[in-house]
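Working notes for the structure below.
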Amino acid sequence: MTWDSTTVNMLLLGIGETLFMVFASSLLAYIIGIPLGIILVVTDVDGIKPIPVLQKILGLVINLLRSVPFIILLLVMLPVTRAIVGTTLGAKAIIPPLVAAAAPYIARMVESSFKEVDAGVIEAAQSMGATTWQIIWKVLLPEAKPSLLVGAAISITTILGYSAMAGFVGGGGLGSIAINYGYYRYETEMMFVTVIILVVIVQIIQETWMKLSKVSDKRIR
Amino acid sequence: MEQQNPIIQLKNLGKQFKTSNGTVTALDDINLDIYPGEIFGIIGLSGAGKSTLVRCINYLETPTSGSVIFEGVNLGGKGQAVIRQARRSMGMIFQQFNLLSQRNVLQNVCFPMELSGTPKKEAVKRAQELLTMVGLEDRMKAYPAQLSGGQKQRVAIARAMATNPKVLLCDEATSALDPNTTKQILELLKRINKEMGVTVIVITHEMSVIEAICDRVAIIDQSHIAEAGKVSEIFSNPKTAIGRQLILGDAARQVALGKDRQLRIIFDGRESSEPVISNLVLACKTPVNIMYAETRDVGGTAMGQMLIQIPEDETEARRIINYLKTIKVTFEEVR
Ligand SMILES: Nc1ncnc2c1ncn2[C@@H]1O[C@H](COP(=O)(O)OP(=O)(O)OP(=O)(O)O)[C@@H](O)[C@H]1O
Ligand SMILES: [Mg+2]
């Protein structure tokens with residue numbers, strides 16, 4: 001392996017593709033996962049608006065999706081991906097399966113963050129005549145914010161891990177480089193380089209989101 | 001006070017919880033009338049059903065039988081909108097304060113006004129007034145984590161008062177505070193009652209809280225109201241075992257200690273100038289042993305109680321009891 005401009009450009013492109021895949025799918029997965037997490041908590045038997053049947057069914061669907069191995073999900077999602085994105089190759093094409101894998105996971109993360117909100121505070125809001133919506137917007141979300149940000153650090157880095165697997169189906173990004181060079185061509189050096197870059201990205205995401213959580217939390221200081 | 005219509009009426013109120021281990025009866029056949037402007041105490045031991053009772057008043061808990069009537073309106077079977085409106089007329093404060101941890105003091109007090117749609121400017125102005133009233137005008141930008149327990153409870157009181165409620169429900173509001181802070185918070189509640197005419201309902205397990213601020217009290221024991229009435233009357237003449245236990249407090253332990261017959265003499269402030277015990281000893285020519293004595297401030301009057309041991313001898317004991325009857329001192333034989 002030589003450090004010429006083609007190699008560097010290829011790595012830079014890989015980093016760009018990986019970041020795009022990870023952040024685009026994280027964003028979409030959160031857009032789906034947060035409402036699901038809210039429904040899981042709010043409609044729970046001892047939630048603020050119990051609808052146990054809905055809660056149980058949703059919980060079951062989420063568990064089912066979560067138990068499908070990602071590599072299977074990648075294949076199963078192929079037709080869906082083609083319908084949405086128009087292709088099954090490249091960074092864009094990996095976003096639908098990533099979202100499908102991450103959204104249920106995020107729903108559970110969000111659920112657990114909301115469950116940490118002090119029941120007494122919710123009760124106080126109810127005693128002031130708050131509606132269910134007001135409790136969600138003005139109590140659950142703001143009070144759970146620091147915990148949601150810690151959860152995001154974990155979720156985004158998990159999505160990054162999944163995105164590296166996309167290499168096997170021609171998904172692009174650093175994962176593809178690692179697989180194409182390291183696995184198919186036995187250029188282990190290149191594989192190490194991409195792995196190190198992935199480690200650094202994980203580190204940066206983890207640190208940034210933990211910091212965001214800490215700065216936003218008014219309980220410490 | 002009693003000429004007015006009650007602001008809150010509880011009629012045959014019952015609450016049962018269905019748990020995996022069967023049904024728990026938390027409240028059974030509770031009947032209470034609470035009048036506008038009074039400070040009403042509800043006292044009982046842990047698990048008696050106090051919290052459940054207060055949560056039924058603002059329908060945080062739906063009663064399983066009987067009714068809650070607030071300002072003449074039965075809250076039973078009403079829609080959520082009616083219940084929410086009623087809740088806005090009843091502020092509530094808690095043992096654990098329950099402030100929003102991610103909002104500062106001012107934002108916490110603005111919170112209920114945000115819920116009811118008060119314009120921001122107006123809300124901030126009212127919040128500032130309330131925080132000045134509770135003595136926290138210099139901590140408006142602080143977060144709950146930066147406040148002491150007493151300060152947190154002041155914020156909670158300001159917050160509960162933000163929507164101009166007619167009733168303030170206090171569930172063990174001072175139980176997490178030290179005696180000094182407790183006193184200050186109780187004084188604040190009394191001031192709110194006097195100056196703003198708010199009806200205050202105080203839930204506690206401490207008789208001292210009832211004595212300090214309540215006009216009337218209900219003693220709740222094992223899901224039932226054991227007795228209810230004016231604090232001074234219940235204090236001088238508790239009719240139930242649980243009433244005696246709560247009022248005697250430390251004295252109850254003294255009763256348990258001695259083996260002999262004991263009398264509990266109650267002083268309600270009038271005869272404090274008379275040396276009752278010395279006169280008794282001189283008149284009856286029998287020595288008595290003072291086991292326990294204390295004076296308390298019950299609703300502004302000094303009330304005292306004393307436990308004396310009386311002789312085993314039946315005639316001597318009779319003589320002492322007759323003497324106490326003739327000088328019209330309130331007393332009871334503890335055993
Ligand atoms: N949600 C619930 N589910 C089942 N049982 C309950 C529930 N809430 C209260 N209880 C039961 O009802 C009874 C009364 O409880 P409550 O909390 O009203 O007592 P309390 O007088 O406030 O006690 P404490 O002084 O300890 O706060 C207890 O036996 C309790 O276990
Ligand atoms: Mg309680």
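Small disclaimer: the values here were computed from a predicted structure and weren't measured. To find a chain, count down the sequence lines: A is the first, B the second, and so on, and within it residues start at 1.
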Exercise. Going through the distances and angles, do L115(B) and K138(A) end up as a side chain to side chain contact (heavy atoms under 4.5 Å, CB included)?
Worked result: CA-CA 9 Å; L115(B) 298 180; K138(A) 290 177 181 291; 3.9 Å; yes

Problem set entry | Minimum heavy-atom distance between S101(B) and K218(A), given as atom pair plus value | O-CB, 3.5 Å

Exercise. Between I93(B), L169(B), L100(B), N104(B), which has the largest tally of heavy atom pairs under 4.5 Å with chain A?
Worked result: L100(B)

For this session: Tell me, out of M92(B), Q80(B), Q85(B), R88(B), who's got the most heavy-atom pairs with chain A below 4.5 Å.
Result: R88(B)

For this session: Under 4.5 Å heavy-atom distance to chain B, tell me which part of A125(A) shows up: side chain, backbone, both or neither.
Result: both

Exercise. In this structure, are over 12 heavy atoms from other groups packed under 6.0 Å from K92(A) atom NZ?
Worked result: no

Problem set entry | Side chain N58(B), main chain S127(A), donor-acceptor under 3.5 Å | no

Problem set entry | Heavy-atom side-chain proximity of Q102(B) to K145(A) below 4.5 angstrom | no

Problem set entry | Side-chain heavy-atom pair M128(A), T163(B) within 4.5 angstrom cut-off | no

Exercise. Rounded to the nearest 0.5 Å, what separation is found between the CD1 atom of I122(A) and the CG atom of L60(B)?
Worked result: 12.0 Å

Exercise. What distance separates Q134(A) CD from F111(B) CZ, expressed to the nearest 0.5 Å?
Worked result: 7.5 Å

Problem set entry | Proximal component of I83(B), with respect to chain A [non-hydrogen, under 4.5 Å] | neither

